[in-house]
**Student:** 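Got a structure here, written out as structure tokens. Questions coming.
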Amino acid sequence: MKRLIYIAVVLLCVSCSTQTVFDAQGTFEATEVVVSSEATGRILDFDIDEGMLIEVGSTIGTIDSVQLDLQRKQLLAQQTALLGSRPDVKAQVASLRAQIEKQECERNRVCNMLRDGAATQKQLDDIDAQIRILESQLSATLSALDKNTASIDGNAAAMEAQIAALDDRIAKCRIVSPITGVVLSKYAEAGEFAAVGKPMLKIADLDHIYLRAYFTSDQLASIRIGDRVTVTADFGGEARYDYEGRIIWIASESEFTPKTVQTKDSRANLVYAVKIAVKNDGRLKIGLAGEVKL
């Protein structure tokens, strides 16, 4: 009786071994992104749940930005007041220009009188000297006004940069999804305090899933990036589904065989990781076991 039981067990093992013919084995993975807070403050809303599909660029939460908004308004008011203090160059030099114009008219009159002998050369020299003094004053005034205007414009530009920095900080108070994917984990709730760098949630792109399998060096010689292979997802029991896969990455360095992974050559200690892209029909999940047939 014991002999019959032993033979039955052996036959069962043999039959099972013939059903699991594969060249490599691994687990399904996906691109996972941990979204962290880029601002400090109380979380006003964070209305997401695990398993929810989120589109890239969509706002999934906000952090309090009242203080930043007030700082921005203050800077805008200061910038407006500063620009309002810019000197009116034309108005401030109008008097000097008028005096110069008057002296030039006087010079022309004296020149005419000098030709008729009704004026002296000293009178003409005095007018020329007065014009030079007024032109020197005009040049100095214009230089001072230009420097003052440049200083005000520089300070206004610095404030503009501060306002832009505040705009960036205010924008970062919006929690935005960097990819389209499914929420795997949620690490914060509305009402909690967020700090820069604090993880908020983890998202995975399950549309672009891949199998990370391990091949021996002997098998490596027969595969290339871009090759098509057959990937079998093992859901347990009789639930096994075949997918067409494409090799998208081959490790450049070997590593020790993971304990949970078998290869065709079970005696090999060093294997190479290979990523095989698979089109997800909605059934494939992260961590699911898979097998590869070349």
**Student:** Check whether any side-chain N or O of D116 sits under 3.5 Å from a backbone N or O of A118 as a donor-acceptor pair, and report yes or no.
**Tutor:**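 Such a contact is absent between D116 side chain and A118 backbone.
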**Student:** Show me the pairs that pass salt bridge (Lys or Arg N to Asp or Glu O under 4.0 Å) and involve residues 70-86, at least two apart or across chains.
**Tutor:**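 Every pair satisfying salt bridge (Lys or Arg N to Asp or Glu O under 4.0 Å) with a residue in residues 70-86: R72-D167, R86-D153.
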**Student:** Do K279 and E244 pass the side chain to side chain contact (heavy atoms under 4.5 Å, CB included) test, and can you show the C-alpha distance, the side-chain angles, and the key distance before you say yes or no?
**Tutor:** CA-CA 8 Å; K279 183 175 179 57; E244 182 184 23; over 6 Å; no
**Student:** Looking at every non-hydrogen atom in both residues, tell me the closest pair between L82 and N155 and how far apart they are.
**Tutor:**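 Reported closest heavy-atom pair: CD2-CB, 3.4 Å.
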**Student:** Looking at E253, I'd like to know if its CD atom is crowded, meaning that more than 12 non-hydrogen atoms belonging to other residues, nucleotides or ligands lie closer than 6.0 Å.
**Tutor:**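 No.
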**Student:** For the residue pair D126 / Q130, report whether a side-chain donor-acceptor contact shorter than 3.5 Å exists.
**Tutor:**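 No, no side-chain donor-acceptor contact under 3.5 Å.
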**Student:** Quick check on the hydrophobic clustering: are L83 and L76 connected, directly or via other members, by side-chain heavy-atom contacts under 4.5 Å?
**Tutor:**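 Shared cluster, no.
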**Student:** Evaluate the side chain to side chain contact (heavy atoms under 4.5 Å, CB included) criterion for residues I163 and Q79: first the C-alpha distance (whole Å), next the side-chain angles of each, then the deciding distance (0.1 Å), finally the verdict.
**Tutor:** CA-CA 10 Å; I163 293 171; Q79 185 186 48; 3.8 Å; yes
**Student:** Is it the case that the side chain of T149 and the backbone of L145 share a donor-acceptor pair, with hydrogens and angles ignored and the cut-off at 3.5 Å?
**Tutor:**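 Yes.
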**Student:** Going by the salt bridge (Lys or Arg N to Asp or Glu O under 4.0 Å) test, which pairs reach into residues 168-178, not counting sequence neighbours?
**Tutor:**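 Only D168-K172 qualify under salt bridge (Lys or Arg N to Asp or Glu O under 4.0 Å).
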**Student:** Does D64 reach the main-chain N or O of V66 with its side chain, forming a donor-acceptor pair under 3.5 Å?
**Tutor:**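 Here the side-chain-to-backbone pair exists.
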**Student:** Between CD of E104 and CG of D128, what distance do you get to the nearest 0.5 Å?
**Tutor:**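 Answer for the CD-CG pair, E104 versus D128, is 10.0 Å.
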**Student:** Please say which of D281, T232, L211 ends up in a side-chain contact (heavy atoms from CB on, under 4.5 Å) with Y243.
**Tutor:**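 Of the listed options, the one satisfying the test is D281.
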**Student:** Give the minimum heavy-atom separation between Y272 and A251, together with the two atoms involved.
**Tutor:**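 Closest approach of Y272 to A251, heavy atoms only: CD2-O, 3.7 Å.
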**Student:** Which atom names give the shortest non-hydrogen contact between A273 and W249, and what distance separates them?
**Tutor:**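 Answer, listing the atom of A273 first, then W249: O-CZ3, 3.7 Å.
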**Student:** State yes or no: do I179 and V35 share one hydrophobic cluster built from I, L, V, M, F, W and Y residues joined by side-chain heavy-atom distances below 4.5 Å, directly or via other members?
**Tutor:**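 Yes, I179 and V35 fall within the same hydrophobic cluster.
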**Student:** Do Y241 and R283 have side-chain heavy atoms sitting under 4.5 Å apart?
**Tutor:**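 The answer is yes, as the side chains (C-beta and beyond) meet within the 4.5 Å cut-off.
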**Student:** Checking the side chain of S37 only, and the main-chain atoms of A39 only, is there a donor and an acceptor separated by less than 3.5 Å?
**Tutor:**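 The answer is yes, because a donor-acceptor pair under 3.5 Å joins these two groups.
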**Student:** Quick check: closest heavy atoms across L270 and S254, and the distance to 0.1 Å?
**Tutor:**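 Distance-wise, the nearest heavy atoms are CD1-OG, 4.0 Å.
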**Student:** Could you give the distance from CG (L70) to CG (L166), rounded to the nearest 0.5 Å?
**Tutor:**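 Between L70 CG and L166 CG, I get 10.5 Å after rounding to 0.5 Å.
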**Student:** Are V33 and I60 grouped together when hydrophobic residues (ILVMFWY) are joined by side-chain heavy atoms under 4.5 angstrom apart?
**Tutor:**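 Per the 4.5 Å side-chain linkage, V33 and I60 are co-clustered.
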**Student:** Which distance, rounded to the nearest 0.5 Å, do you find between the CG of L124 and the CZ of R107?
**Tutor:**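 L124 CG to R107 CZ: 5.0 Å, rounded to 0.5 Å.
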**Student:** In Å, rounded to the nearest 0.5 Å, how long is the span from OH of Y187 to OG of S36?
**Tutor:**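 Between Y187 OH and S36 OG, I get 9.5 Å after rounding to 0.5 Å.
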**Student:** List the residues meeting side chain to side chain donor-acceptor pair (under 3.5 Å) with Q74, not counting sequence neighbours, and say none if there are none.
**Tutor:**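 Expected list: none.
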**Student:** Should we say atom CD of E101 is surrounded by more than 12 heavy atoms from elsewhere, each under 6.0 Å from it?
**Tutor:**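 No, CD of E101 has 12 or fewer neighbouring heavy atoms, counting only those of other groups under 6.0 Å.
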**Student:** Is the backbone of D23 close enough, under 3.5 Å, to the side chain of Q219 for a donor and an acceptor to pair up by distance?
**Tutor:**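 Yes, because the side chain of Q219 sits within donor-acceptor range (under 3.5 Å) of the backbone of D23.
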**Student:** Tell me the closest heavy-atom pair linking I170 and S65, and the distance in Å.
**Tutor:**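 It is CG2-OG, 4.4 Å.
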**Student:** What pair of heavy atoms forms the shortest contact from A30 to I209, and how long is it?
**Tutor:**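 So the two residues come closest at CB-CG1, 4.3 Å.
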**Student:** Please check if the side chain of Q25 supplies one atom and the backbone of E291 the other of a donor-acceptor pair under 3.5 Å.
**Tutor:**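 Here the side-chain-to-backbone pair does not exist.
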**Student:** Could you tell me whether R109 and E106 have a side-chain N and a carboxylate O separated by less than 4.0 Å?
**Tutor:**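 Here R109 pairs with E106 in a salt bridge, since their nearest N and O are under 4.0 Å apart.
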**Student:** Do any N or O atoms from the side chain of Q103 and from the backbone of I100 form a donor-acceptor pair under 3.5 angstrom?
**Tutor:**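 Checked: no pair found.
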**Student:** Identify each donor-acceptor pair in which a side-chain atom of residues 43-53 lies under 3.5 Å from a protein atom, sequence neighbours left out, and give them as a table.
**Tutor:**
unit_1	atom_1	unit_2	atom_2	d
D45	OD2	T62	OG1	2.4
E50	OE2	K186	N	3.3

**Student:** Report yes if some heavy atom in the side chain of L114 is under 4.5 Å from a heavy atom in the side chain of Q121; otherwise report no.
**Tutor:**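 Result yes, sub-4.5 Å side-chain heavy-atom pair found.
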**Student:** In this structure, would V278 and Y210 fall into the same cluster of hydrophobic residues linked by side-chain contacts under 4.5 Å?
**Tutor:**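 No, it is not one cluster - the side chains of V278 and Y210 are not joined through contacts under 4.5 Å.
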**Student:** Mind running side chain to side chain contact (heavy atoms under 4.5 Å, CB included) on V183 and I54 for me, showing each step along the way?
**Tutor:** CA-CA 7 Å; V183 178; I54 299 175; 3.1 Å; yes
**Student:** If two hydrophobic side chains count as joined below 4.5 Å and joins carry through other members, does V231 share a cluster with F215?
**Tutor:**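 Looking at the clustering, F215 is in the same group as V231.
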**Student:** For the atom pair NZ (K275) and CD1 (I250), what is the distance rounded to the nearest 0.5 Å?
**Tutor:**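 So the NZ of K275 and the CD1 of I250 are separated by 12.5 Å.
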**Student:** Charged N to carboxylate O below 4.0 Å: is that the case for R240 and D234?
**Tutor:**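 Result for this pair is yes, salt bridge flagged.
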**Student:** With a 4.5 Å heavy-atom cut-off, do L294 and S222 have their side chains touching?
**Tutor:**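 Yes, side chains in contact.
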**Student:** Using the side chain to side chain donor-acceptor pair (under 3.5 Å) rule, collect all pairs that involve residues 137-148, keeping only residues at least two apart or in two chains.
**Tutor:**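 Every pair satisfying side chain to side chain donor-acceptor pair (under 3.5 Å) with a residue in residues 137-148: there are none.
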**Student:** Tabulate below the donor-acceptor pairs under 3.5 Å that side-chain atoms of residues 191-203 make, not counting sequence neighbours, or state none.
**Tutor:**
unit_1	atom_1	unit_2	atom_2	d
E192	OE1	E189	N	3.4
E192	OE1	K198	NZ	3.4
K198	NZ	F193	O	3.3

**Student:** With a 3.5 Å distance limit and no angle check, can you tell me whether D227 reaches the backbone of R224 through a side-chain donor-acceptor pair?
**Tutor:**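 Present.
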**Student:** Just verifying a value: how many Å separate L206 CG and F28 CZ, rounded to the nearest 0.5 Å?
**Tutor:**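 Result: 12.5 Å between the selected atoms.
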**Student:** Keeping the roles fixed (side chain from T180, backbone from V56), state whether a donor-acceptor pair exists under 3.5 Å.
**Tutor:**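 Answer holds: yes.
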